[in-house]
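Shown next, in structure tokens, is the structure this report addresses.
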Protein chains: 2
Amino acid sequence: MSKTLSIGVLAKHTGVNIETIRFYEKQGILPVPSRSSSGRRLYGGEDLKRLSFIHQCRKLGFSLKEVESLINLVDSGDYTCEQVHEITAAHAKEVKQKIKSLTKMESVLDGMVEQCSRGKVPDCPIIDSLYGD
Amino acid sequence: MSKTLSIGVLAKHTGVNIETIRFYEKQGILPVPSRSSSGRRLYGGEDLKRLSFIHQCRKLGFSLKEVESLINLVDSGDYTCEQVHEITAAHAKEVKQKIKSLTKMESVLDGMVEQCSRGKVPDCPIIDSLYGD
DNA sequence: GTTGCATCTGTAGTTACTACAGCATTCATA
DNA sequence: TATGAATGCTGTAGTAACTACAGATGCAAC
């Protein structure tokens, strides 16, 4: 395996911040890379793949803990599709709940904004509804 | 003004955690209350109103900074409805963006979950799509 | 030789709380 | 009146997932 990628190049290829890459390493979610003679990190294709995976998962809203579970499963070699499904379905459920909660907020906010006359007077239905007597 | 409410009573009336009330005080978002002879916090009706306001705002997803802005406006005495509208509309926009982003995640996740056979075999389309070669 | 970029380590800051530890006080009850 | 439970106090540390430095080092190019 040739490990030739600097952290900067890895960052550019994956779209992950340099500091974030080091952070992932410290968190144990990205393996400790080898180093050049002067102590700089050197990455290979496997690292690139793994970091991309982490990035994809993060974009889908998985927590780092969930990502770690997923990685551990894959690394273990004998994971089942069922196990992956469980983690993903649980996360999908959380996302749905968040959407639901935000949608409720949205409708209240929209209602308030609409009621508001945007006038120059210090009499605002938004404040009235929140700061009521 | 009679200030007779203990922090525990205030917490129960508003649904806000005791530690959170103290936290709000430290953040300067809730005024420093008077104290009993033994040093315990004493709250009045105005505090109750303000804490409820903060709580309502938080439930609508406003950040503490936004809540502070809102409170400062009201406290200043000569705020306009326009100013309140601006803060609220900006927040509503943020909420909409969050919903949009989460909805995208949701559809990808749902697609993955659906594709997954939930089988007992170590071959999972979820992993394949994320951890691709 | 010096300029400038990339990288290094380590620490602190962000948001909005929550969870103690260890102590003081107050209240209800025996 | 004694005592045990409940309440409150301060102050600190932990949570999630980074981000933003500061200050040092390395390396290639001109």
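In the text below, chain A, chain B and the rest are named by the order of the sequence lines, each starting its count at 1.
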Working to the nearest 0.5 Å, report the span between [atom1] of [X] and [atom2] of [Y].
| X | Y | atom1 | atom2 | answer |
| --- | --- | --- | --- | --- |
| A/R50 | A/Y24 | CZ | OH | 13.5 Å |
| A/N72 | A/Y79 | CG | OH | 13.0 Å |
| A/L30 | A/Y43 | CG | OH | 6.0 Å |

Would you kindly give the [atom1]-to-[atom2] distance between [X] and [N], to the nearest whole Å?
| X | N | atom1 | atom2 | result |
| --- | --- | --- | --- | --- |
| A/I21 | D/dC18 | CD1 | P | 12 Å |
| A/H55 | D/dA17 | NE2 | P | 15 Å |
| A/Y43 | C/dA6 | OH | P | 16 Å |
| B/L64 | C/dC17 | CG | P | 5 Å |
| B/K59 | C/dA16 | NZ | P | 17 Å |
| B/L51 | C/dC17 | CG | C1' | 14 Å |
| B/E25 | D/dC9 | CD | P | 9 Å |
| A/F23 | C/dT14 | CZ | C1' | 13 Å |

Detail all sub-3.5 Å separations between protein N/O atoms and N/O atoms belonging to nucleotides 5-7 of chain D.
from, atom 1, to, atom 2, distance (Å)
D/dT7, O2, B/R40, NH2, 2.8

Whether [X] contacts [N] is assessed here as follows: a side-chain N or O lying under 4.0 Å from the phosphate OP1 or OP2. Is that the case?
| X | N | answer |
| --- | --- | --- |
| A/R41 | C/dT7 | no |
| A/Y24 | D/dC18 | yes |
| A/R35 | C/dT9 | yes |
| B/S38 | C/dT26 | yes |

Would a 4.5 Å heavy-atom cut-off, applied to side chains only, mark [X] and [Y] as touching?
| X | Y | result |
| --- | --- | --- |
| A/I71 | A/I54 | yes |
| B/I126 | A/I87 | no |
| A/E68 | A/Q27 | no |

**Q.** Minimum heavy-atom distance between A/L130 and B/C57, given as atom pair plus value
**A.** CD1-SG, 4.0 Å

Q. Which side chain to side chain donor-acceptor pair (under 3.5 Å) pairs, counting each pair once, include a residue from residues 88-109 of chain A, with sequence neighbours left out?
A. A/K96-B/E106, A/K96-B/D110, A/E106-B/K96

Q) B/S36 or A/G39: which one's nearest nucleotide on DNA chain C is closer to the 5' end? A) A/G39

Q | Upstream residue (5' side of DNA chain C) when B/T20 and B/S37 are each assigned their closest nucleotide | A | B/T20

Q.
Test your reading of the model: is there a side-chain donor-acceptor pair from B/E114 to the backbone of B/G111, 3.5 Å cut-off?
A. no

Please produce a list of atom pairs where a protein N or O lies less than 3.5 Å from an N or O of nucleotides 19-22 of chain C.
from, atom 1, to, atom 2, distance (Å)
C/dA19, N7, B/E19, OE1, 3.2
C/dC20, N4, B/E19, OE1, 3.2

